[in-house]
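For the single chain, residues carry numbers from 1 onward in sequence order. None of these values were measured; they are calculated from a predicted model.
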Amino acid sequence: MSETSVPAPPSTVARPVSEALLNEKWDRCISNMIIKSTLGLGFGVVFSVLLFRRRAWPAFVGVGFGAGRAYEECNWNLKQASQELKKRA
């Protein structure tokens, strides 16, 4: 019986540091946006039920606050990453 060798799996493509850093920052931004918007929606619904006689606007305001906060944090993180990359170069 002849031995067959199993071909080695293709090596993963090494991405440049800047691309890997950018991908990491974007992943964090998207997850942060989802989490903060959901928390804002939750607080909006609770306040809507407890204080505002089941109106819809507190939920929308909560989503807006959560998304706005996530956007600002994402913007700050991307600017910090840009400054770090400029320092390395």
Can you tell me if Ser48 uses its side chain to pair, donor with acceptor, with the backbone of Arg55 under 3.5 Å? yes
Which pairs would a plain distance check flag for residues 24-36, meaning a side-chain donor or acceptor within less than 3.5 Å of a matching protein atom at least two apart in sequence or in another chain?
unit_1: Ser31; atom_1: OG; unit_2: Asp27; atom_2: O; d: 3.2
unit_1: Ser31; atom_1: OG; unit_2: Arg28; atom_2: O; d: 3.1
unit_1: Asn32; atom_1: ND2; unit_2: Glu73; atom_2: OE1; d: 2.9
unit_1: Lys36; atom_1: NZ; unit_2: Glu73; atom_2: OE2; d: 3.0

In one Ile/Leu/Val/Met/Phe/Trp/Tyr side-chain cluster, 4.5 Å: Trp57, Phe47: yes
Where at least one partner belongs to residues 62-89, residue pairs that pass ring pair (Phe, Tyr, Trp, His ring centres under 6.0 Å), sequence neighbours excluded: none
Is Phe60 reachable from Phe52 through a run of I, L, V, M, F, W or Y residues, each pair having side-chain heavy atoms under 4.5 Å apart? no
Ser82 side, atom OG; Leu21 side, atom CG - distance, nearest 0.5 Å: 10.0 Å
Cluster link Val46 to Leu51, ILVMFWY, side chain under 4.5 Å: yes
Leu50 with Leu41, same ILVMFWY side-chain cluster at under 4.5 Å: no
Quick one: pull up CD in Gln80 and CG in Asn75 and give me the separation to the nearest 0.5 Å. 10.5 Å
Do Thr38 and Val63 make a side-chain contact, defined as non-hydrogen atoms from C-beta onward lying under 4.5 Å apart? no
